[in-house]
Enquirer: 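Submitted below is the structure of interest, expressed as structure tokens.
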Protein chains: 2
Amino acid sequence: MNEMTAKEGSLSEIESEVIALFVRMADVLSLPRSVGELYGILFISSEPLCLDDCRLRLNISKGSTSQGLKILRSFGAIRTVYIPGDRKDYYVAETSLRKIAAGFASEQIQPHVVSGKDRIERIRELLDAYEAADKDEVIDKVDLLENWQRRAGKTLPIILKLIGN
Amino acid sequence: MNEMTAKEGSLSEIESEVIALFVRMADVLSLPRSVGELYGILFISSEPLCLDDCRLRLNISKGSTSQGLKILRSFGAIRTVYIPGDRKDYYVAETSLRKIAAGFASEQIQPHVVSGKDRIERIRELLDAYEAADKDEVIDKVDLLENWQRRAGKTLPIILKLIGN
DNA sequence: CATGTTGTTCAATAAATACTGAACATTTCG
DNA sequence: CGAAATGTTCAGTATTTATTGAACAACATG
């Protein structure tokens with residue numbers, strides 16, 4: 001149908017600045033630059049955008065755009081909106097910080113916490129069969145480690161509550 | 001003087017596992033792998049280690065070791081201990097999670113928060129001179145952004161208190 | 001069912017990042 | 001002072017990670 005031609009290239013100065021802000025955020029969160037760009041353009045846009053809208057404005061490839069949107073969907077930073085009579089998927093940025101943070105925590109952080117717990121268990125097993133002069137000290141260190149792990153696990157949900165809304 | 005020969009290579013299985021754990025943590029925090037290794041070997045060691053001890057055990061270069069230790073010092077994850085009659089610097093891992101987190105927050109995160117604030121200010125200025133149909137919506141978005149920023153800034157110190165000790 | 005549209009996948013490539021090692025600076029000590 | 005010990009810096013290289021774009025799958029539509 002092509003009812004609305006996708007605007008090519010040339011971002012306004014404001015758009016560029018907002019996108020730059022999210023690119024830096026992406027960097028802090030160890031996400032690809034393109035993911036920050038995509039969230040930025042969706043965040044600042046006043047209407048939903050489809051894959052082609054995004055990639056033409058940001059001047060990035062179809063592949064990157066597809067993957068970037070997938071990542072953003074994976075932790076609920078964006079959501080799709082249905083536009084009647086249009087086959088394309090349209091996206092808007094989720095603006096509830098709480099929702100995004102919760103999604104990010106459960107998708108990107110929780111897995112690390114879990115695999116960390118597994119590893120500590122494995123270390124405990126090795127420790128049983130370990131004999132050396134410093135065994136007691138090593139045990140103390142592993143206790144400490146487990147303590148950190150536990151606190152990290154408990155602190156995460158509290159942070160999410162703190163962020164509120 | 002060389003009173004104690006630096007142990008070469010070959011980590012025990014426990015050491016390897018503990019180091020692997022910190023390597024993964026480093027990854028989450030966007031720090032180089034070698035920084036995780038260094039913290040790991042210092043964490044599990046029952047005595048202070050010097051630069052050469054670290055690099056021989058981890059089998060990494062002098063340059064990486066020097067830079068890695070510098071990074072760890074920069075946010076207080078390790079500290080030096082003085083060993084009488086030895087010219088070398090010896091290091092131990094800081095084991096107070098609170099101290100490490102506070103150092104990391106103020107050295108690695110705070111700067112981003114600050115530069116983000118600057119950028120939002122700049123966006124506000126651009127916004128004054130901005131004329132378009134969607135101006136009001138854009139203003140709302142920038143308000144939202146500023147709100148996030150403020151909350152992030154306030155939440156950080158609370159998190160540190162939560163971690164306690 | 002042939003065609004156009006939309007989105008995904010993935011091998012090749014580009015870009016970013018970390019690591020190495022040799023040269024250098026600094027200090028200690030005989 | 002000269003030599004040995006210690007640590008830092010940085011240009012070159014290796015490694016990791018992200019991006020591209022072409023091939024493909026899925027689907028709608030006439």
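No experiment lies behind these values; they were computed from the predicted model shown. Values below: all heavy atoms of this structure, side chains included; hydrogens, waters and symmetry mates excluded. Just so we're on the same page: letters track the sequence lines, and every chain starts at 1.
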Enquirer: What is the distance from atom CD1 of B:I41 to atom OG of B:S16, rounded to the nearest 0.5 Å?
Expert: 8.5 Å
Enquirer: List the steps and the verdict of salt bridge (charged side-chain N to carboxylate O under 4.0 Å, His left out) for A:R124 and A:D143.
Expert: CA-CA 9 Å; A:R124 284 251 179 255; A:D143 286 347; 2.7 Å; yes
Enquirer: Polar atoms only, N or O, under 3.5 Å: list the protein pairs with nucleotides 9-13 of chain C and their distances.
Expert:
from: C:dT9; atom 1: OP2; to: A:K70; atom 2: NZ; distance (Å): 3.1

Enquirer: Report the residues that fulfil side-chain contact (heavy atoms from CB on, under 4.5 Å) with A:K117, sequence neighbours left out, ordered by chain and then residue number.
Expert: A:Q149
Enquirer: For B:L58 and C:dT20, give me the distance from atom CG to atom C1', rounded to whole Å.
Expert: 15 Å
Enquirer: Map B:L51 and B:D27 onto DNA chain D by nearest heavy atom, then report which one ends up closer to the 5' terminus.
Expert: B:L51
Enquirer: Check whether B:S74 reaches the backbone of B:I71 with its side chain - one donor and one acceptor, N or O, closer than 3.5 Å.
Expert: yes
Enquirer: To the nearest 0.5 Å, how far apart are NZ in A:K135 and CG in A:L127?
Expert: 6.0 Å
Enquirer: Checking B:D140 now: which residues fulfil side-chain hydrogen bond (donor to acceptor under 3.5 Å, both in side chains) with it, not counting sequence neighbours?
Expert: none
Enquirer: Shortest non-hydrogen contact from B:G68 to B:L38?
Expert: CA-CD1, 3.6 Å
Enquirer: Using five pairs at either end of the helix from C:dC1-D:dG30 to C:dG30-D:dC1, determine the angle between the two local helix axes and round it to 10 degrees.
Expert: 10°
Enquirer: Report the distance from atom CG of B:L72 to atom CZ of B:R79, rounding to the nearest 0.5 Å.
Expert: 13.5 Å
Enquirer: Which whole-number value in Å describes the distance from A:D52 CG to C:dG7 C1'?
Expert: 10 Å
Enquirer: Is the shortest side-chain heavy-atom distance between B:Q108 and B:L31 below 4.5 Å?
Expert: yes
Enquirer: Working to the nearest 0.5 Å, report the span between CD of B:E137 and CD of A:E47.
Expert: 8.5 Å
Enquirer: Of all the heavy-atom pairs spanning A:I163 and A:A101, show the shortest one and how long it is.
Expert: CD1-CB, 3.8 Å
Enquirer: Any side-chain N or O of A:R73 under 4.0 Å from OP1/OP2 of C:dT8?
Expert: yes
Enquirer: Give one of base, sugar-phosphate or nothing for B:I60, where a contact means two heavy atoms less than 4.0 Å apart.
Expert: sugar-phosphate
Enquirer: Atom CG of B:D86 and atom C1' of D:dA4: how far apart are they, to the nearest Å?
Expert: 14 Å
Enquirer: So which of residues 32-45 of chain A are in contact with DNA chain D, with a heavy-atom cut-off of under 4.0 Å?
Expert: A:P32, A:R33, A:S34
Enquirer: Output a table of nitrogen or oxygen pairs between the protein and nucleotides 27-29 of chain C separated by less than 3.5 Å.
Expert:
from: C:dT27; atom 1: O2; to: B:R87; atom 2: NH1; distance (Å): 3.3

Enquirer: With under 30° as parallel and over 60° as perpendicular, where do the rings of A:F22 and A:F43 fit, or are they tilted in between?
Expert: tilted
